[in-house]
Amino acid sequence: MKKLFLIIGAPGSGKTTDASIIAEKNSDKIVHYSTGDMLRDEVASGSELGKTIDSFISKGDLVPLEIVINTIISAIKNAPKDVVIIDGFPRSVEQMKELDRLLQSESEIELVSVIEARVSEAVARERILGRAADAAPGEQRSDDNEEVFVSRMKIYTDPLEEIQNFYTDKSLLKVIDAERTLEVIVDEMEAFVKSSI
Ligand code: AMP
């Protein structure tokens, strides 16, 4: 039985960094995948699928449902540990509903919690544009720029309330204030995950 935690958060919320640290510290039982990283890995492979994915990522648009669902379901199923943290999913109401539908017929995966790493738009903007400015030449993400940031933020915010309500009704939503220091955020998130498994 796989125990699944999802982490959602605005671009710049630090969700990938938080989850990577938690998985690294608990590598005997927890594994972490970032939806964005898995999609970027496919782009880096140079495959046809990667080219399709890149055409969405570089504009800050959501990658189509089927591609994202296949990516995360295969990551969960192939995960070498029983506790799986995935960040960056769901990012739309249709993704949320599709996962819910799949989980109903999937006895091997239990969704334990959806963690929202919450930051204001101002903090998100500052972190993303700071990350862009600090990146070494050639290491810059194609989507870390002002114009794409605005669109990514809107795409994140538009379905957020419906996603929050859906998981609140199922008593699965956990909100974490992600404007604090990395250490404090990671400590709270790690304690929450460990107390829930
Ligand atoms: P991130 O690394 O989480 O900031 O994601 C970077 C980009 O990957 C997003 O702007 C989307 O283009 C794509 N992406 C990541 N997660 C998803 C998702 N759940 N659904 C669709 N596209 C996604």
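These numbers were taken from a predicted model, which means no experiment stands behind them. Atoms within each ligand, like the ligands themselves, are counted from 1 in listed order.
- Near G36, the atoms of ligand 1 lying under 4.0 angstrom from a non-hydrogen atom of the residue are 2 (O), 5 (O), 15 (C).
- Considering only non-hydrogen protein atoms, atom 21 (C) of ligand 1 sits nearest to V63 N, 3.2 Å.
- For ligand 1, the polar-atom distance check finds an N/O of R141 within less than 3.5 Å of one of the ligand's N/O atoms.
- Between R40 and ligand 1, a contact under 3.5 Å exists for at least one N or O pair.
- Each of the following atoms of ligand 1 lies closer than 4.0 Å to a heavy atom of T35: 16 (N), 17 (C), 19 (N).
- Some N or O of R152 is nearer than 3.5 Å to an N or O of ligand 1, by distance alone.
- Atoms of ligand 1 lying under 4.0 Å from at least one heavy atom of K15, given by number and element, are 3 (O).
- Checking side-chain atoms of E179 against main-chain N and O of S120 turns up a donor-acceptor pair under 3.5 Å.
- Remark: ligand 1 and V68 share no N or O pair separated by less than 3.5 Å (distance only, no angle test).
- With R91 contributing its side chain and Y156 its backbone, the two residues share no donor-acceptor pair below 3.5 Å.
- The closest donor-acceptor contact from the side chain of Q140 to the backbone of A135 lies at 3.5 Å or more, if one exists at all.
- Scanning the protein heavy atoms around atom 20 (N) of ligand 1, the nearest turns out to be Q95 NE2, 2.6 Å.
- More than 12 heavy-atom neighbours from other residues, nucleotides or ligands sit within 6.0 angstrom of CD on E110.
- Side-chain N or O atoms of N26 include one that pairs as donor or acceptor with a backbone N or O of I22 at under 3.5 Å.
- Under the 4.5 Å side-chain contact rule for hydrophobic residues, L62 and I53 do not share a cluster.
- Summary of contacts: the protein heavy atom closest to atom 19 (N) of ligand 1 is G88 O, 2.8 Å.
- Atom 7 (C) of ligand 1 has its closest protein heavy atom at D143 OD2, 4.0 Å.
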| message | One pair to check against side chain to side chain contact (heavy atoms under 4.5 Å, CB included): K2 and K77. What are the steps and the verdict? | response | CA-CA 8 Å; K2 294 260 165 56; K77 292 208 161 152; 5.7 Å; no
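- Residue, atom and distance of the protein heavy atom nearest to atom 11 (C) of ligand 1 are D61 O, 3.5 Å.
- At the top of the distance list for atom 13 (C) of ligand 1, counting protein heavy atoms only, stands L39 CD1, 3.7 Å.
- For ligand 1, the atoms sitting less than 4.0 Å from at least one non-hydrogen atom of L62 are 20 (N), 21 (C), 22 (N), numbered in the order shown with element in parentheses.
- Residue contact annotation: K59 has no non-hydrogen atom under 4.0 Å from ligand 1.
- Taking every heavy atom of F89 and a limit of under 4.0 angstrom, the matching atoms of ligand 1 come to 19 (N).
- At a cut-off of 3.5 Å, with distance as the only test, a side-chain donor of Q104 or D100 sits close to an acceptor on the other residue.
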| request: Under the side chain to side chain contact (heavy atoms under 4.5 Å, CB included) rule, what do D143 and S58 come out as? Steps first, then yes or no, please. | output: CA-CA 5 Å; D143 56 354; S58 58; over 6 Å; no
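- In terms of protein heavy-atom proximity, atom 16 (N) of ligand 1 is nearest to R91 NH1, 2.7 Å.
- The shortest side-chain heavy-atom distance between K81 and I85 does not fall under the 4.5 Å cut-off.
- For the pairing with I86, the side-chain contact (heavy atoms from CB on, under 4.5 Å) check across I72, V31, T71 returns one residue only, I72.
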